[in-house]
Structures are given as structure tokens and as C-alpha cells.
Undergrad: 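Submitted below is the structure of interest, expressed as C-alpha cells.
Convention: sequence-line order gives letters A, B, ...; per-chain numbering from 1. Any value given below was found using the heavy atoms of this structure, including those in side chains, with hydrogens, waters and symmetry copies removed.
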There are 2 protein chains.
Amino acid sequence: MTSPPTAPTAPPRRGRPGHDQAAVLGTAIDLFIRQGYDATSMADLAAALGLSKSSLYHHVPSKERLLELALDEALGELTAVVEAATAEGAAGTSYERLRRVVEDGVRLLVDHQPAVTLLLRVHGNTDVERAALERRRWVDDRLADLVAAAVAEGALRADLDPGLVSRLLFGMVNSLVEWYDVDGPVDVDQLAAAVVATALDGLAVGAPRSAPG
Amino acid sequence: MTSPPTAPTAPPRRGRPGHDQAAVLGTAIDLFIRQGYDATSMADLAAALGLSKSSLYHHVPSKERLLELALDEALGELTAVVEAATAEGAAGTSYERLRRVVEDGVRLLVDHQPAVTLLLRVHGNTDVERAALERRRWVDDRLADLVAAAVAEGALRADLDPGLVSRLLFGMVNSLVEWYDVDGPVDVDQLAAAVVATALDGLAVGAPRSAPG
DNA sequence: CCTACCGATCGGTAGG
DNA sequence: CCTACCGATCGGTAGG
């Protein structure tokens, strides 16, 4: 048997197994969150991985590229959830789709909590951060459109500005990345239900409350 | 008329008027928010003030002291509002006091938005930051107690964990520092009303809704 | 002796 | 994957 000239699978590794880029990225995100991006040096990251700084640069081209990869992960997931909820042929009323996007959003923030945490802390100091903020703004605008549509439908209270309501609603959702602990007493189903109950049952005009007991 | 030997008023200044510590602090907070604390050098701050770095150090002992002053401002105000709402002899039911602390909290975040923004971005990398987080935790714990008391009173829905509800409620309140614009179309009264309506009217069991029109 | 401020430079550390 | 370095810049301080 002969090997094809260009093998589609990864070539067999020689030497020590070492680290791959995904492992480096995971540790980097962890340090960026705990210490802050600026306060984390590449020497810190190398030490956490048990590498020298030069070896670290064998796996990643720059510190900023690590941030970019993390932000891409968060934005890719957020974009997919929002597109699914706001696509042309999406099923259900605007209110139903808003309710689903809040639930899916909560699960997404929990599943990708480190990457989303970094995204929510970005403030546009570099080109990479500004590009991420632009994509995030697109997501926020689609969510605001969905809130406005639910208001127009008569499903949400009309005495508040939809843009303001959207900011408060997703401000509440986003805040959970700063305190939610997956290993804590509240599981993700309870969390999603609590967010929907707290925010949407309060916003929905005449929506039924859960009966106590 | 003779001047008293020790004048209680500030002595007359000689030389250039220059800057005082309050002006330096205001500019510092502005830069810390826009660029991040770590990414702001004392040279940046000096340039923004039109001073040399050495002259800047005539007014402030260190960069960290500037952060500490800003965090003290935010924590002092937050502590006062929370103490007023949770003091032994505070008037009203727990629910009424919670509603008032949310309204007062919104006004406080707007009045001291720069300082509070810095406080909410602190993550405990230094002793100054850890001390601030400890004081902030005291505030959060008092607010959680108030939510729990309102649940025990029967005024808030009992099917959700009070600690969880408290985090979601004040996560929503805190989020406004990242987007609210005092010069924008929403004034602070509308903002406070919207927060209370969105969060508490949704939490209050059988609370009356504002009638439309 | 004061307040306000300067050009130059300290010992260390950053990302690469 | 390492030791040995770089150009630059950090927060802070010297003498005047």
C-alpha cells in the first residue's frame, strides 16, 4: 500500500506529544479571565503550560491571535443562535422566538462561558477588539429587532422603549457569565428557567404566572 | 481689620493655578474606562492633563492610589444606599425597601457612572482590588438578604432561589453602566422606572401592572 | 521657604 | 523545545 501524496489526516507526530493550539488557547483564556488580558504576560502563559516562552511561540503567532480565536468562538456561537431565531422562515411568533433565544442564549453562555466572558469584557482598544465589537453589535441589533417585533405583536408591554427593554433583558442574561458556576447548586435548566421567568414573565402583558405550590 | 493668625480658608495660591487631585482623578477614571487600567500608562494620563509625568506625581503618589480613590467613591455611595435601605429602623416592607434600593441604585449608578464602572470591572489582581471586592461583596450580601426577606414576606415569587433572583436583578441593574448615556434620549427617571417595571413587576406575585394608555 | 513643573533617568519587565 | 537576547516601554524618582 502506498500513501497518497497529500494525506487528508494529520501526519503522525514525532518527538514529545507536547501541546496543541487548542490546549494553549484554553489555558490562555483561563488566564485572560483570571488576570485580565493586559495583565497576563506570555511568560505567565508559558509557565502555566510548563513551556518556555519561545516554545509557546512555536504554537501561536502572537498574544493577540489567542484573543482573536477566543472572540471568534464566542461570536460564532452567538451568531448561530441569533440567526436561527431570526431567520426568514423561523417558526412561531416573535414572542415565542424571543423566549427561545433567551433560553438558548443562557445555555450558550454556560457552554462557552470562558470565551463569552472575554467577549463581554472587550472594549475596543485594538483592531481585533473593534472587529469583535462590530460583530457583537450586529447580534445585539438583531435581538433588539426581535424585542421590537414582540412589542409590535402585542406580546410585550408597550409602555417601555423596545431598545431599552432589549438592553436590560440581555444585560441580565450577559451578567451571568460573571458569577454562574456550572459546578454550583443551580443547574443550567434551572438557570434558563429562572432567567425567562424573571425577565419575560415580567415583560409579557398579561402573561400567566406560575401558580405557587 | 486684621486677619486671624490661622485662616480657616485655603491659603492664596502662588504660581500657576495647575491641577488639583480631583481633576487628575477625573481624567484618570476616564482613561481607565476607555483604555483599561493596565493599558493606561501614567505617561498617557500626564499627556491627557498637559503635564509631564514628574509633575503628575506631584499630585498623586501612585497609579494604584488613583484606582483606590475611584473605587472608594463607588463603594462609599453604594454602601450608603444599601445601609439606608437595610437599617434596623428602615420604613416600609422588605418589598418596598427593595423597590426603593433598586431605584436609588439606578440613580447612583448614573450619578457616579465612571467610578461604578471601574468597580464592576475589578477582578482582584491586587490588594487594592481584593479589598474593593470584599466591600462589594458585603453590599451584594445585604441586597441578597433584602430579596430573601421580600420572598419570605410573600411579596416576591417563591419558586426561584432568592440568591439567584438577587444576582439576576442586580446583574440587570449593573449592566446599565456599560451602555447608558446620560445625554441620550432616556432620562434617569425613565431609566429607573423601566428597571423597576422590567425586573420587579415581573418578580412580584400578583403585582399590578401599569395600565396602558 | 512655597507650589508648580521640567528633562533625564532609575531598576525591571513587556511582547517577540 | 531551550538559552540568550532585542527595542520599547513600564511605574516611579532623581536633582534643580
Undergrad: In whole Å, what is the span from the NE2 atom of A:His58 to the C1' atom of C:dG16?
TA: 16 Å
Undergrad: Measure from NZ on B:Lys53 to C1' on D:dT13 and round the result to the nearest Å.
TA: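 That distance rounds to 9 Å.
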Undergrad: Quick check on B:Glu134: does its CD atom have over 12 non-hydrogen neighbours (other residues, nucleotides or ligands) under 6.0 Å away?
TA: no
Undergrad: For a 4.5 angstrom cut-off between non-hydrogen side-chain atoms, does A:Leu45 reach A:Leu56?
TA: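 They are in side-chain contact.
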Undergrad: Rounded to whole Å, how long is the line connecting atom OH of A:Tyr57 with atom P of D:dC6?
TA: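 Whole-Å distance recorded here is 18 Å.
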Undergrad: To the nearest Å, give me how far apart CD (A:Glu64) and C1' (C:dG15) are.
TA: 12 Å
Undergrad: Output the rounded distance in Å from CG (B:Leu56) to P (D:dT13).
TA: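 It is 12 Å, rounded to the nearest whole Å.
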Undergrad: Given 3.5 Å as the limit, does a donor-acceptor pair link the side chain of B:Tyr37 with the main chain of B:Arg121, or not?
TA: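 Between the backbone of B:Arg121 and the side chain of B:Tyr37 there is no qualifying donor-acceptor contact (under 3.5 Å).
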Undergrad: Rounding to an integer number of angstrom, what distance separates C:dA4 and D:dG16 when you compare their C1' atoms?
TA: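 About 13 Å, rounded to a whole number of Å.
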Undergrad: Is there a donor-acceptor pair under 3.5 Å between the side chain of B:Glu178 and the backbone N or O of B:Ser175?
TA: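 Absent.
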Undergrad: How long is the span from the CG atom in A:Leu169 to the CG atom in A:Leu146, to the nearest 0.5 Å?
TA: 9.5 Å
Undergrad: Between A:Asn174 and A:Phe170 (side chain of the first, backbone of the second, donor and acceptor by atom type, cut-off under 3.5 Å), is there such a pair?
TA: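 Yes: the side chain of A:Asn174 pairs with the backbone of A:Phe170.
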Undergrad: If you write DNA chain D from 5' to 3' in dot-bracket form, with Watson-Crick or G-U pairs under 3.5 Å, [ ] for crossing pairs and | for pairs with another strand, what do you get?
TA: ....||.|..|.|.||
Undergrad: Expected output is a numbered-order residue list: members of residues 25-44 of chain A with a heavy atom under 4.0 Å from any atom of DNA chain D. What is it?
TA: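 Going residue by residue through residues 25-44 of chain A, none turns out to have a heavy atom under 4.0 Å of DNA chain D.
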Undergrad: When the distance from CG of A:Leu49 to P of D:dC2 is rounded to whole Å, what number comes out?
TA: 11 Å
Undergrad: If you only use heavy atoms from C-beta on, which nucleotide in D:dG11, D:dC2, C:dG16 is closest to the side chain of B:Lys63?
TA: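 Shortest atom-to-atom distance from the side chain points to D:dG11.
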Undergrad: For C:dA4, take OP1 and OP2 only and decide whether either is under 4.0 Å from a side-chain N or O of B:Ser55.
TA: no
Undergrad: Figure out the NE2/C1' separation between A:His59 and D:dC1, and round it to whole Å.
TA: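 Taking NE2 of A:His59 and C1' of D:dC1, I get 8 Å after rounding.
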Undergrad: Rounded to the Å, how far apart are A:Arg65 CZ and C:dG16 P?
TA: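 My rounded result for the distance is 14 Å.
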Undergrad: Checking the side chain of A:Gln190 only, and the main-chain atoms of A:Val186 only, is there a donor and an acceptor separated by less than 3.5 Å?
TA: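 Not at all, since once roles are kept as given, no pair shorter than 3.5 Å links the two residues.
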Undergrad: Grab the two heavy atoms, one from B:Leu49 and one from B:Ala23, that are nearest each other, plus how far apart they are.
TA: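 Looking at all heavy atoms of both residues, the shortest contact is CD2-O, 4.2 Å.
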Undergrad: P atom, D:dG12 versus C:dA8: distance in rounded Å?
TA: 22 Å
Undergrad: Report the nucleotide, chosen from C:dG15, C:dA8, D:dC2, that has the shortest atom-to-atom distance to any side-chain atom of A:Ser52.
TA: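 When the side chain of A:Ser52 is considered, D:dC2 is the closest of C:dG15, C:dA8, D:dC2.
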Undergrad: Roughly how far, to the nearest 0.5 Å, is CD of B:Gln113 from CD1 of B:Ile33?
TA: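 Rounded to the nearest 0.5 Å, the CD1-CD separation comes to 7.5 Å.
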